[in-house]
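Here is the structure we will look at.
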Amino acid sequence: QVQLVESGGGLVQAGGSLRLSCAASGLTFSVYTIHWFRQAPGKEREFVAASSWSGSRPVYADSVKGRFTISRDNAKNTVYLQMNSLKPEDTAVYYCAVATSIVRSTAGMDYWGKGTLVTVSS
């Protein structure tokens with residue numbers, strides 16, 4: 001059974017940092033592209049970042065480029081999202097998801113985690 005479990009969310013002031021983790025089990029982690037999406041209240045779920053199996057050439061949404069960094073540890077079956085210079089508009093539930101290639105659409109994901117809430121206060 002495939003499981004993706006996010007952690008690391010919380011409340012942070014604007015300008016602060018958080019690091020999210022996504023621990024995967026039940027799948028061959030190293031062959032999957034790992035994605036982070038987020039969903040703010042009243043908005044659609046949107047792509048944030050993705051990392052291929054090698055970790056090279058990560059892809060980011062323009063809104064987080066230069067502030068967020070995605071990384072992965074295939075030995076630990078874990079992917080991370082380091083979020084710096086957080087803004088109130090980054091407030092959302094953050095989800096990790098997997099697919100066999102980088103896809104910026106929610107429709108292309110094979111499995112999803114349940115999400116972790118990030119709240120950025122102004």
Side-chain angles (χ1 to χ4, degrees):
Q1 181 180 358
V2 175
Q3 283 193 315
L4 300 173
V5 180
E6 302 94 335
S7 61
L11 174 64
V12 64
Q13 288 188 333
S17 298
L18 281 176
R19 188 177 81 155
L20 306 184
S21 300
C22 173
S25 61
L27 52 75
T28 306
F29 184 76
S30 61
V31 304
Y32 279 96
T33 295
I34 309 299
H35 299 69
W36 285 98
F37 287 81
R38 68 185 181 186
Q39 187 166 18
K43 295 188 177 181
E44 293 186 351
R45 196 169 298 187
E46 64 175 5
F47 171 80
V48 174
S51 172
S52 63
W53 69 271
S54 68
S56 64
R57 297 184 181 179
V59 177
Y60 299 95
D62 289 343
S63 58
V64 307
K65 200 172 294 183
R67 299 188 298 122
F68 290 11
T69 302
I70 187 171
S71 61
R72 60 190 292 166
D73 186 336
N74 288 338
K76 295 182 178 180
N77 282 11
T78 300
V79 64
Y80 305 97
L81 186 68
Q82 178 67 43
M83 306 186 297
N84 299 327
S85 302
L86 283 161
K87 305 175 181 180
E89 51 264 43
D90 294 318
T91 294
V93 177
Y94 284 71
Y95 300 88
C96 67
V98 298
T100 54
S101 61
I102 292 179
V103 180
R104 294 176 181 250
S105 168
T106 58
M109 298 301 108
D110 294 322
Y111 301 100
W112 289 90
K114 294 184 178 181
T116 185
L117 176 62
V118 172
T119 304
V120 184
S121 63
S122 58

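Numbers for residues simply follow the sequence, beginning at 1. The basis for the numbers below is simple: all heavy atoms, side chains too, and nothing from hydrogens, waters or symmetry mates.
A disulfide (SG to SG under 2.5 Å) check over residues 50-80, counting only residues at least two apart or in different chains, returns nothing. Among residues at least two apart or in separate chains, there is no salt bridge (Lys or Arg N to Asp or Glu O under 4.0 Å) pair with a member in residues 111-120. Listed by first then second residue, pairs satisfying ring-ring contact (aromatic ring centres under 6.0 Å, His included) with a partner in residues 93-112 read F37-W112, not counting sequence neighbours. Among residue pairs with one or both ends in residues 56-71, those qualifying as salt bridge (Lys or Arg N to Asp or Glu O under 4.0 Å) are D62-K65, R67-D90; sequence neighbours excluded. For the disulfide (SG to SG under 2.5 Å) condition, the pairs that include at least one residue of residues 4-111, sequence neighbours left out, are C22-C96. The disulfide (SG to SG under 2.5 Å) pairs that include a residue from residues 29-75 number zero, where partners must be two or more places apart or lie in different chains. Residue pairs meeting the salt bridge (Lys or Arg N to Asp or Glu O under 4.0 Å) criterion with at least one partner in residues 92-105, sequence neighbours excluded, are absent.
A distance-only check finds no donor-acceptor pair linking the side chain of R19 to the backbone of G8 [under 3.5 Å]. The backbone N or O of A40 lies less than 3.5 Å from no partner atom in the side chain of R45, so there is not a single donor-acceptor pair.
Every residue was checked against the side chain to side chain donor-acceptor pair (under 3.5 Å) condition with Y32, not counting sequence neighbours, and none meets it. In this structure, E89 has no side chain to side chain donor-acceptor pair (under 3.5 Å) partners at least two apart in sequence or on a different chain.
When hydrophobic clusters are built by joining Ile, Leu, Val, Met, Phe, Trp and Tyr residues whose side-chain heavy atoms come closer than 4.5 Å, directly or via intermediates, F68 is not grouped with V93. Clustering ILVMFWY residues whenever any of their side-chain heavy atoms sit less than 4.5 angstrom apart, transitively, puts F47 in a cluster other than the one holding V64. Residues V59 and V103 share a single hydrophobic cluster, defined by chaining ILVMFWY side chains whose heavy atoms lie under 4.5 Å apart. Under the 4.5 Å side-chain contact rule for hydrophobic residues, I102 and M109 share a cluster.
Under a 4.5 Å side-chain heavy-atom criterion applied to ILVMFWY residues, the cluster that includes V5 comprises that residue alone.
Within the 4.5 Å cutoff, no side-chain heavy atoms of Q39 are placed close to those of E44.
Annotation: the span from L27 atom CG to L4 atom CG amounts to 6.0 Å, rounded to 0.5 Å. Here R72 contributes atom CZ and T33 contributes atom OG1; the two are 7.0 Å apart, rounded to the nearest 0.5 Å. Taken to the nearest 0.5 Å, the NE2 atom of H35 stands 9.5 Å off from the OG atom of S51.
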Exercise. Verify side chain to side chain contact (heavy atoms under 4.5 Å, CB included) between Y60 and V48, making sure each step is shown before the conclusion.
Key: CA-CA 6 Å; Y60 299 95; V48 174; 6.0 Å; no

Apply side chain to side chain contact (heavy atoms under 4.5 Å, CB included) to R38 and S63, showing your working.
-> CA-CA 12 Å; R38 68 185 181 186; S63 58; 3.5 Å; yes

I would like to know whether I34 and F29 meet side chain to side chain contact (heavy atoms under 4.5 Å, CB included); could you show each step before the answer? CA-CA 9 Å; I34 309 299; F29 184 76; 3.6 Å; yes

Quiz: residues 75-87 side-chain donor-acceptor pairs under 3.5 angstrom, not counting sequence neighbours:
unit_1: T78; atom_1: OG1; unit_2: K76; atom_2: O; d: 2.8
unit_1: Q82; atom_1: NE2; unit_2: N84; atom_2: OD1; d: 2.9
unit_1: N84; atom_1: OD1; unit_2: S17; atom_2: OG; d: 2.9

Would you mind writing out the side-chain donor-acceptor pairs for residues 115-122 within the sub-3.5 Å range, not counting sequence neighbours?
unit_1: T116; atom_1: OG1; unit_2: G9; atom_2: N; d: 3.1

